[in-house]
Amino acid sequence: DAGVIQSPRHEVTEMGQEVTLRCKPISGHNSLFWYRQTMMRGLELLIYFNNNVPIDDSGMPEDRFSAKMPNASFSTLKIQPSEPRDSAVYFCASVRDRDTEAFFGQGTRLTVV
Amino acid sequence: RKEVEQDPGPFNVPEGATVAFNCTYSNSASQSFFWYRQDCRKEPKLLMSVYSSGNEDGRFTAQLNRASQYISLLIRDSKLSDSATYLCVVNSFGTGNQFYFGTGTSLTVIP
């Protein structure tokens with residue numbers, strides 16, 4: 001298996017632009033997580049899907065952030081409009097079942113200028 | 001209050017030293033516990049699960065104290081290759097299957 005695949009790996013955008021991050025979980029995994037990592041705040045859980053349904057989005061910072069999972073093999077995290085404070089590494093992770101290992105993608109390094 | 005709290009360090013230790021990391025969690029209903037390792041500019045990867053009875057994997061020993069809501073990781077005979085950030089992870093099933101990560105503890109092993 002190719003593992004969790006995220007795209008793009010790097011994104012540089014101007015403030016105010018829309019940014020879309022993409023994730024393909026490992027086939028057969030039924031839970032998907034989006035995390036944001038910064039030096040100041042560490043790894044923060046943004047939103048969690050189970051069987052394509054958003055279960056907990058309490059970590060989403062504000063309305064500018066939205067996430068979707070239209071099917072079991074694809075999820076997006078969108079920021080509109082983007083701001084410089086959104087600059088971070090965004091990770092996607094998937095889990096097959098309860099009590100098992102979370103596998104991470106390589107992350108998207110977002111820079112908003 | 002954060003779900004998982006860790007001392008961020010940094011810990012700078014000489015090769016061969018023994019080093020211990022600690023972590024506390026706030027949800028007493030948490031059911032699964034892990035230590036992840038993250039190398040610079042890489043994604044986190046599972047180092048080891050933490051079992052109630054404590055478990056060992058080579059030079060690494062993990063322990064769980066449910067009464068105190070406390071998890072530890074002990075690294076013996078530190079190697080240069082152990083330099084990384086170690087993340088404490090708690091999986092709470094109360095409202096689903098959520099993995100909460102500590103902010104990580106930075107370790108540098110010095111020659």
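Lettering of chains follows the sequences in order, A, B, ..., and the numbering in each one begins at 1. Just so you know, these numbers use all the heavy atoms, side chains as well, and skip hydrogens, waters and symmetry mates.
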Non-hydrogen atoms of chain A under 4.5 Å away: do they reach the side chain of B:Q6, the backbone, both or neither?
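No part of B:Q6 comes within 4.5 Å of chain A.
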With the threshold set at 4.0 Å, does a side-chain nitrogen-carboxylate oxygen contact exist between B:D39 and B:R41?
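Salt bridge between B:D39 and B:R41, a charged N being under 4.0 Å from a carboxylate O: no.
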Can you tell whether the side chains of A:E83 and A:R64 come within less than 4.0 Å, N to carboxylate O?
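Yes.
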Chain B contact via [X] - which portion, at a heavy-atom distance below 4.5 Å:
X      : value
A:Q37  : side chain
A:R109 : side chain
A:L45  : side chain

With heavy-atom distances below 4.5 Å as the criterion, would you say the side chains of B:C88 and B:W35 are in contact?
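In short, these two side chains touch, coming nearer than 4.5 Å.
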Just say parallel, tilted or perpendicular for the rings of A:Y35 and A:F104, cut-offs at 30° and 60°.
tilted
Determine the option with the most heavy-atom pairs under 4.5 angstrom with chain B, choosing from A:G107, A:G105, A:A93.
A:G105
Check the surroundings of atom CD in B:Q63: do more than 12 heavy atoms from other residues, nucleotides or ligands lie under 6.0 Å from it?
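Not more than 12 within 6.0 Å, no.
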For the interface with chain A, which of B:G104, B:G102, B:P44 has the highest count of heavy-atom pairs at distances below 4.5 Å?
B:P44
